[in-house]
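Take a look at the structure below.
In this text the structure is predicted, and so the values were computed from the model without any measurement.
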Amino acid sequence: MRKRKLISFEGGEGSGKSTQIPLLESYLRSRGETVLSLREPGSTYIGERIRQLLQHDPEASAMFPETELLLFEASRAQLVRERIRPALEKGHWVLCDRFFDSSTTYQGAARRLPLEHVHWLNRFAVDDCVPGLSFFFSLSAEMGQRRRQSKDRAMPDRIERESIDFFQKVEEAYRRLAEENPQRFVTLDAGQNPEEIAKKIREQVDGHFFSR
Ligand code: Z5A
């Protein structure tokens, strides 16, 4: 079976996902491919409204973890049906800045919601749209926080205000996920320079999608 041309970019905050997505997009376009780059939560009207509520609304600071999970899943369900599945059906590529693994690591591992509920909701939201390849940008939580602070001097959003312990749990959970799913995940050392990481990503994409 041909691999789904859906690639997710996962990892902690500041790990370099948003830097790499446009580089892979340009590479794929240079090969004549049509590419759609998306982010989670967001990338639909409904998803962007949910993003605002989840991250930036000062009145939403008392959100319960269960509510948070359901809002991420609602944004995802909309994104899959409105944009991801139609693009894949046309044979286009979809690059996603975070996808359902973020709910497993942030809401499951760090917020300690029952993993069986998180997995069930992930499946309900994405249906058959599972990535053909997922990159995990591995970086210490401390380094990620420093990078994020140097990029964005605005007030941290609701999730960015969590403790370093929270982000360490996220990083550990990603490591476990990548180990448990070696057929889908490629772990990248996100401490390397951006050009080196971009080269590794291109090599992996070539190997997974173009060399068979
Ligand atoms: N979340 C959740 O809890 N559950 C879910 O299901 C989903 C999401 C889908 C969305 O965050 C938040 O929602 C996120 C998880 C949660 N919260 N946190 N924390 P977002 O979209 O607002 O932001 P983010 O995904 O966390 O990404 P980010 O902070 O924008 O970081 P990034 O995209 O991984 O990194 P970057 O912007 O490419 O790079 C950060 C800085 O480092 C920047 O100045 C770069 O120039 C620099 N950089 C990048 N690469 C390098 C290298 N290789 N070396 C040195 N410096 C670099």
Side-chain angles (χ1 to χ4, degrees), residues 4 6-15 17-18 21 36-88 94-131 134-137 141 144-145 148 151-152 154-174 176-177 181 184:
R4 239 173 239 102
L6 167 61
I7 303 179
S8 62
F9 291 68
E10 295 280 0
E13 59 167 356
S15 58
K17 304 176 298 298
S18 327
I21 288 174
L36 181 63
S37 293
L38 303 169
R39 68 172 180 181
E40 269 213 358
S43 292
T44 64
Y45 174 77
I46 292 169
E48 291 297 328
R49 294 293 298 268
I50 292 174
R51 182 182 181 94
Q52 177 65 22
L53 188 58
L54 274 165
Q55 292 177 241
H56 305 294
D57 187 334
E59 303 297 318
S61 60
M63 190 179 293
F64 290 99
E66 291 81 356
T67 315
E68 182 179 277
L69 172 63
L70 290 167
L71 286 172
F72 279 117
E73 298 291 358
S75 169
R76 180 167 302 135
Q78 186 67 26
L79 184 62
V80 163
R81 287 151 187 83
E82 186 177 321
R83 304 204 63 190
I84 296 180
R85 186 178 286 140
L88 294 175
V94 179
L95 310 184
C96 216
D97 193 340
R98 298 192 176 281
F99 202 38
F100 63 84
D101 298 304
S102 290
S103 290
T104 305
T105 54
Y106 281 78
Q107 282 66 53
R111 292 270 192 245
R112 298 184 177 282
L113 288 174
L115 272 179
E116 66 270 25
H117 295 349
V118 179
H119 290 322
W120 190 89
L121 285 165
N122 280 342
R123 279 195 297 273
F124 184 61
V126 306
D127 197 15
D128 61 342
C129 286
V130 175
S134 297
F135 288 109
F136 161 41
F137 287 66
Q145 201 165 59
R148 198 257 308 148
K151 168 185 163 186
D152 184 5
M155 273 280 287
D157 69 32
R158 192 180 58 83
I159 298 173
E160 289 165 351
R161 288 198 290 275
E162 288 297 333
S163 67
I164 198 75
D165 180 56
F166 178 91
F167 293 106
Q168 280 161 353
K169 287 200 182 82
V170 168
E171 179 69 15
E172 282 160 24
Y174 272 123
R176 278 197 302 277
L177 259 186
N181 297 279
R184 177 163 66 87

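- The shortest side-chain heavy-atom distance between R184 and D101 falls under the 4.5 Å cut-off.
- Here the CZ atom belonging to R83 is positioned 5.0 Å from the CG atom belonging to L36, to the nearest 0.5 angstrom.
- Ion pair R158/D57 not flagged as a salt bridge, since none of the NZ, NE, NH1 or NH2 atoms sits closer than 4.0 Å to an Asp/Glu carboxylate oxygen.
- Separating the CD atom in Q78 from the CZ atom in R49 is a distance of 13.0 Å, to the nearest 0.5 Å.
- For R98 (side chain) and G11 (main-chain N/O), a donor-acceptor pair under 3.5 Å exists by modelled atom type.
- To the nearest 0.5 Å, atoms CG (L70) and CD1 (I50) are separated by 10.5 Å.
- Taking CG of N122 as the reference point, atom OG1 of T104 lies at 4.5 Å (rounded to 0.5 Å).
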**Item:** side-chain contact (heavy atoms from CB on, under 4.5 Å) evaluation trace for R4 with D128
**Value:** CA-CA 10 Å; R4 239 173 239 102; D128 61 342; 4.2 Å; yes

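- Remark: the backbone N or O of I159 is paired with a side-chain donor or acceptor of D157 at under 3.5 angstrom.
- Using a 30° and 60° split on the angle between ring planes, Y106 and F167 fall in the perpendicular class, above 60°.
- M63 places a side-chain heavy atom less than 4.5 Å from the side chain of L71.
- Residues S61 and R161 bring no donor and acceptor atom of their side chains to less than 3.5 Å of each other.
- Although no hydrogens or angles enter the test, the distance criterion places no donor-acceptor pair under 3.5 Å between the side chain of K169 and the main chain of T105.
- The two residues P65 and L113 come nearest to each other via the heavy atoms O-CD1, 3.5 Å.
- Nearest heavy atom pair, residue S37 against residue I21, reads OG-CG2, 3.5 Å.
- For the residue pair E10 and S102, a side-chain donor N or O sits within less than 3.5 Å of a side-chain acceptor on the partner.
- Of the residues H119, R76, E40, E68, the one that meets the side-chain hydrogen bond (donor to acceptor under 3.5 Å, both in side chains) test with S103 is R76.
- Put simply, CD on E171 and CZ on F137 are 12.0 Å apart, with the number rounded to the nearest 0.5 Å.
- Here F9 contributes atom CZ and S15 contributes atom OG; the two are 11.0 Å apart, rounded to the nearest 0.5 Å.
- Judged by distance alone, the side chain of R51 and the main-chain N or O of S75 form no donor-acceptor pair under 3.5 Å.
- Between I7 and P131 there is no side-chain heavy-atom pair separated by less than 4.5 Å.
- At most 12 non-hydrogen atoms from other residues, nucleotides or ligands lie less than 6.0 angstrom from CD of E59.
- Ring pair F124/W120 is parallel by interplanar angle, where below 30° counts as parallel and above 60° as perpendicular.
- Annotation: side chain of Q145 is in contact with side chain of R148 (closest heavy-atom distance under 4.5 Å).
- Taking the side chain as every heavy atom from C-beta outward, I84 and F99 approach each other to under 4.5 Å.
- Contact between D127 and R81 at its shortest, heavy atoms only, is CB-NH2, 4.1 Å.
- Side-chain contact between C129 and V94 is absent, with no heavy atoms from C-beta onward closer than 4.5 Å.
- Residues E48 and R39 are paired through a salt bridge, judged by an N-O separation under 4.0 Å between the basic side chain and the carboxylate.
- A salt bridge links E162 with R111: the closest approach of a Lys/Arg side-chain nitrogen to an acidic carboxylate oxygen falls below 4.0 angstrom.
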